[in-house]
Every structure is written in C-alpha cells, then in structure tokens.
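See structure below.
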Protein chains: 2
Amino acid sequence: MNNLISIKSATLSEDIAQQLTNAIVTGHIPQGSKISEPELAKQYGVSRGPLREAIVKLEGLGLVTRTANVGARVIQLNIQDMLDTFTMREALEGMAARLAATTMSGEEVKSLYQLIDKHQAHLDANQDDHYVQQGGNDDFHLRIIHASRNTKLIRLLTEELYAVIRMYRRHTADQRSDPRQALREHRAILDAIANHEGDLAELLMRRHISRASHLLKQAMEHVSVASPS
Amino acid sequence: MNNLISIKSATLSEDIAQQLTNAIVTGHIPQGSKISEPELAKQYGVSRGPLREAIVKLEGLGLVTRTANVGARVIQLNIQDMLDTFTMREALEGMAARLAATTMSGEEVKSLYQLIDKHQAHLDANQDDHYVQQGGNDDFHLRIIHASRNTKLIRLLTEELYAVIRMYRRHTADQRSDPRQALREHRAILDAIANHEGDLAELLMRRHISRASHLLKQAMEHVSVASPS
DNA sequence: AAACGCATTATTGTCGACAATCTTACTTGA
DNA sequence: TCAAGTAAGATTGTCGACAATAATGCGTTT
C-alpha cells in the first residue's frame with residue numbers, strides 16, 4: 001500500500017529492513033502489534049523470503065521479538081527497558097568520550113566547538129524551539145562516538161542501539177528536556193575532551209546521559225503513547 | 001558431512017545458527033573463509049532458506065560479514081578488533097560490576113565466594129592446569145553480569161558479544177594468563193561488591209579486563225593462528 | 001606474451017508452493 | 001451453561017526452481 005518511499009538498495013531484504021525499521025520507530029507499525037508476514041509481503045510487494053530476512057535483522061536490532069511457529073511482535077516500550085538501555089548507553093558513550101579525549105585532533109575539536117556554537121545560535125534565534133535532536137552529522141553524540149575511533153563501539157552505538165534509542169525519543173516526544181542545559185553540558189564535555197581529561201569527559205558524559213534518562217522516565221510516567229509520524 | 005551433533009531446536013534455522021557459530025568459534029570453519037550456501041546446505045542437509053536466515057543472524061553477531069551478491073565471509077581476527085572489543089567489554093562489564101554492588105543479595109555474594117574458593121581449590125590441586133575459562137554458570141564474569149539485573153546488558157554481553165570473545169580466547173589459546181593472578185583479581189572485585197562499593201568494583205573490573213586484553217594482545221603478536229577443535 | 005573483452009559457469013537473490021504448527025471456532029458432553 | 005475435545009482455517013517454517021548478478025576461463029588482439 002505505502003510503497004511510496006523506495007530507497008533503492010542493492011538487495012530487497014535491505015530495503016525492507018530499512019523501511020520496516022522506520023515504520024516501527026515512527027510508530028506507523030504500533031508497539032506490541034503482530035508482524036504478519038503475508039500481510040506485509042503484500043504491502044511491500046515482495047515475497048516472504050526477503051521479508052523474513054528483514055525480520056531476522058530487526059530481531060537482532062531488538063525492535064521485534066520472535067517466537068518459533070508463532071511469529072514476530074513489535075517490542076513494547078516500557079520504563080524499565082528504557083532505563084536498562086540508557087544505563088548501557090551511559091557505559092558506552094562514557095567510554096567513547098574518554099577515548100575521544102585522547103584521539104581527537106585539534107581540528108576536530110575546533111569543528112565540534114563550531115557545531116555547538118551553531119546550536120547555541122539556533123537556540124537564541126528560536127526561543128520556543130525544542131532543540132530537535134537531529135540525527136546525522138550534526139548530532140553532538142554521534143560526533144563523539146565517531147571520534148572514539150573504536151570501530152566496534154561505533155557500530156554498536158550507531159547501528160545496533162540507535163534505532164531503539166530513536167524510538168524512545170520519538171514516542172515520548174521528549175518535550176521536557178531543557179535544550180540550554182543540554183547545550184551547557186555538551187560544552188563542558190567538549191572542554192574536558194579538548195583538555196585531554198579522559199576521566200572527566202567520561203564522568204560528564206555519564207551524568208549527561210543519566211540526566212536525559214531521568215527526564216525520559218518522567219515523560220514516560222506522565223505522557224501516554226505517542227501517535228504515529 | 002558432520003551432521004553428528006544435532007541439538008534439536010524448535011526451528012531448523014536456530015539449529016543451523018547454533019552449529020555454524022560453534023563451527024566458526026572452534027575454527028572448523030577457518031577465519032576469512034567464504035561461506036558457500038550450496039555447500040553448507042548440502043553438509044547440514046537443509047535447504048538454503050533456513051541457512052540464509054542463520055547467516056543473517058551470524059552477521060548480527062559479528063561472526064561473518066556479508067556483501068550483496070557476493071556472499072558471506074568468516075571474520076578475520078586481528079589485534080585492533082580484539083582491542084576494540086575488549087574496550088567495549090571494559091565499559092560494559094565495569095558497569096555490570098558497579099550495578100552488582102548494589103543489586104546482589106547476601107546469598108548471591110556468599111555463593112560467589114564459594115565459587116571462587118572452588119576455583120582456588122581446583123588450582124591448588126592441579127598446579128599445571130590452565131584455569132580453563134569455563135562458560136556456563138561457573139564463570140565468574142557471567143555471574144557478575146547476571147547479577148547486574150540489567151536485561152539489556154545481559155543480553156548484549158552473553159548473547160551478542162560472547163561468541164566473538166570466545167573466539168578470541170579460543171584461537172589464541174590464552175596460555176599466557178596467570179590463573180592465580182586472575183583469581184586474586186576476582187576476589188578483589190567480589191570484595192568490593194560485597195562492601196557495596198560500586199565505584200571500586202567498576203574500577204577493579206576494568207583493570208582486570210584491561211589486563212586480560214594486554215595479555216591477549218601479546219599472545220596474538222607471538223602466536224600464529226590456532227588449529228581447529 | 002600480456003591484456004582486454006566476451007561467453008560460460010557458478011553463486012546469490014527472489015519467488016511460489018507445500019508441510020508443520022498454532023489459532024480459532026464449533027460441536028459435544030457433563 | 002460451561003468445559004473439553006476436535007476439526008477447520010490461517011500462519012509460520014521449509015523446500016525446490018527461476019532470475020539476476022558476480023566470478024571464471026577462453027579467445028582474440030595488440
């Protein structure tokens with residue numbers, strides 16, 4: 001039915017995996033709903049073969065759970081899982097910040113300061129804005145992660161965990177976060193990295209993420225489920 | 001050909017994934033070798049369908065890399081990847097130890113002390129032994145990980161990363177490690193946990209893993225590839 | 001003799017159909 | 001009326017075959 005967005009990829013299976021991921025993260029396929037292979041195959045206009053491969057991939061990403069002879073279900077977001085996930089993020093991104101403190105070049109640091117300044121300017125311009133957590137190269141966290149130079153860490157954080165984290169952000173609408181406070185924390189982390197203070201960078205990154213998780217928790221306690229798209 | 005070990009599972013795909021994982025970790029399928037779908041399907045006596053699903057799973061575990069229209073290859077162990085992986089372990093198991101310091105019950109702590117004593121006794125009995133890193137419930141690290149009560153962390157460490165780590169241990173034969181030193185470190189970590197000193201437990205666990213990674217690095221620099229089984 | 005191009009071959013990607021299992025609805029009995 | 005058993009339907013798991021892409025080998029050309 002919605003075969004509109006077709007990101008041509010080398011293989012059908014990858015396409016489907018990509019589209020399914022988006023559909024789940026944005027809520028077009030609601031939480032806890034069953035994944036019907038015949039139905040989805042028809043919707044996306046493919047056979048069940050590639051679709052199944054895509055589902056297996058999504059299981060690896062933790063977006064769906066599968067039980068033998070029964071099928072796949074979209075995960076159901078809940079506070080405990082969110083806290084668990086963010087605790088992992090704390091450990092991993094903390095380590096990334098620590099590593100970045102020794103691996104980042106002067107130019108990289110400079111470029112990141114510019115990014116922060118840009119965010120600051122953007123905030124000053126639109127007071128009401130919600131500091132949209134943009135993915136891509138403009139995301140502070142992604143920059144730090146890549147700066148760690150640790151291939152495994154990068155892959156885990158940006159490919160395997162990213163989808164679920166995006167999903168939590170998306171579905172709780174994340175309104176509570178104070179963008180100016182977040183920006184201040186980003187700057188403090190970057191300062192520590194610029195001074196090659198790995199311990200401090202890790203500590204600050206952990207606090208930063210821990211704070212975000214507390215806010216998300218509050219949001220999840222008060223706000224119900226978010227609507228699609 | 002080697003259809004001897006058949007762990008009956010609910011679905012063929014799981015079986016194959018399990019067997020393939022073992023074959024790769026033990027070296028029966030050598031590093032860097034190509035995974036031929038027709039060949040393996042014939043060997044295991046299944047069609048290509050379930051086999052492909054298994055391969056997708058292995059890709060998620062990081063045991064093989066796949067390129068479209070070309071196929072899958074077993075990963076090639078190298079020092080840099082090992083160091084990257086162990087750095088992640090440091091962050092994650094360090095966090096697990098920190099969490100365990102607050103979540104472990106008195107009985108659990110007691111039981112772990114008993115396990116350590118058992119290991120000690122085993123070491124005193126067989127002086128020459130290499131303190132075989134047993135998996136299962138007798139592994140100190142696994143106990144700590146599970147004690148963290150963090151489902152996501154547990155799944156990541158024991159299901160996703162475990163295979164690769166096992167592979168590194170296996171292929172470098174890990175002879176260098178000083179089992180008595182390792183045991184002393186285990187005891188120190190447990191002491192910290194028993195005293196509910198999360199910071200210390202994390203620090204000690206990190207050092208412990210870091211030390212192991214250094215030893216593995218030396219082993220990989222001096223020892224060549226290990227033989228199967 | 002070496003290199004380029006083309007044809008052949010083999011492997012991967014995809015599809016539709018069959019088998020096995022689970023779910024659901026109905027019937028039957030207490 | 002409710003419960004249990006059973007049969008029908010639907011869904012997942014598996015298979016073999018076809019299509020598309022990559023790898024291989026041969027012949028031609030310079």
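Labels below follow one simple rule: chain letters A, B, ... track the order of the sequence lines, proteins then strands, and each chain is numbered from 1. Hydrogens, waters and symmetry mates play no part in the numbers below; they use all other heavy atoms, side chains included. Bear in mind the structure is a predicted one, so any value in this text is a computation, not a measurement.
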To the nearest Å, how far apart are Leu12(A) CG and dT21(D) C1'? 14 Å
Any salt bridge (Lys or Arg N to Asp or Glu O under 4.0 Å) involving residues 90-99 of chain B? Give me the pairs, sequence neighbours left out, ordered by first then second residue. Arg89(B)-Glu93(B), Arg98(B)-Asp199(B), Arg98(B)-Glu202(B)
Measure across His28(B) and Pro30(B) and return the closest heavy-atom pair with its distance rounded to 0.1 Å. O-CD, 3.5 Å
Tell me, which of residues 47-54 of chain A have any heavy atom that sits under 4.0 Å from an atom in DNA chain D? Arg48(A), Arg52(A)
For residues 68-82 of chain B, which residue pairs pass the salt bridge (Lys or Arg N to Asp or Glu O under 4.0 Å) check, not counting sequence neighbours? Lys152(A)-Asp81(B)
Whole Å only: how far is the CG atom of Asn69(A) from the P atom of dA10(D)? 18 Å
dT12(D) C1' sits how many Å from Glu39(A) CD, rounded? 15 Å
The first and last nucleotides of DNA chain C lying within contact of chain B, meaning any atom under 4.0 Å from one of its heavy atoms, run from dT12(C) to dT14(C)
Taking any heavy-atom pair under 4.0 Å as a contact, classify Ile16(A): base, sugar-phosphate, or nothing. nothing
So which heavy atom on Met205(B) is nearest to which on Ala97(B), and how close? CB-CB, 3.9 Å
Taking only residues two or more places apart in sequence, or in another chain, which ones meet Ile154(B) in a side-chain contact (heavy atoms from CB on, under 4.5 Å)? Ile145(B), His146(B), Ser148(B), Thr158(B)
When the ring planes of His208(A) and His186(A) are compared, do they come out parallel, tilted or perpendicular, using 30° and 60° as the limits? perpendicular
With DNA chain C as reference, determine whether Ala68(A) or Ser13(A) sits nearer its 5' end, using the nearest nucleotide of each. Ser13(A)
Nearest heavy-atom approach of Leu51(A) to Ala41(A) is CD2-N, 3.7 Å
Of Val46(A) and Val70(A), whose nearest nucleotide on DNA chain C comes first from the 5' end? Val46(A)
Which residues pass the side-chain contact (heavy atoms from CB on, under 4.5 Å) test with Ala72(B), sequence neighbours left out? Ile35(B), Ile55(B), Val64(B), Arg66(B)
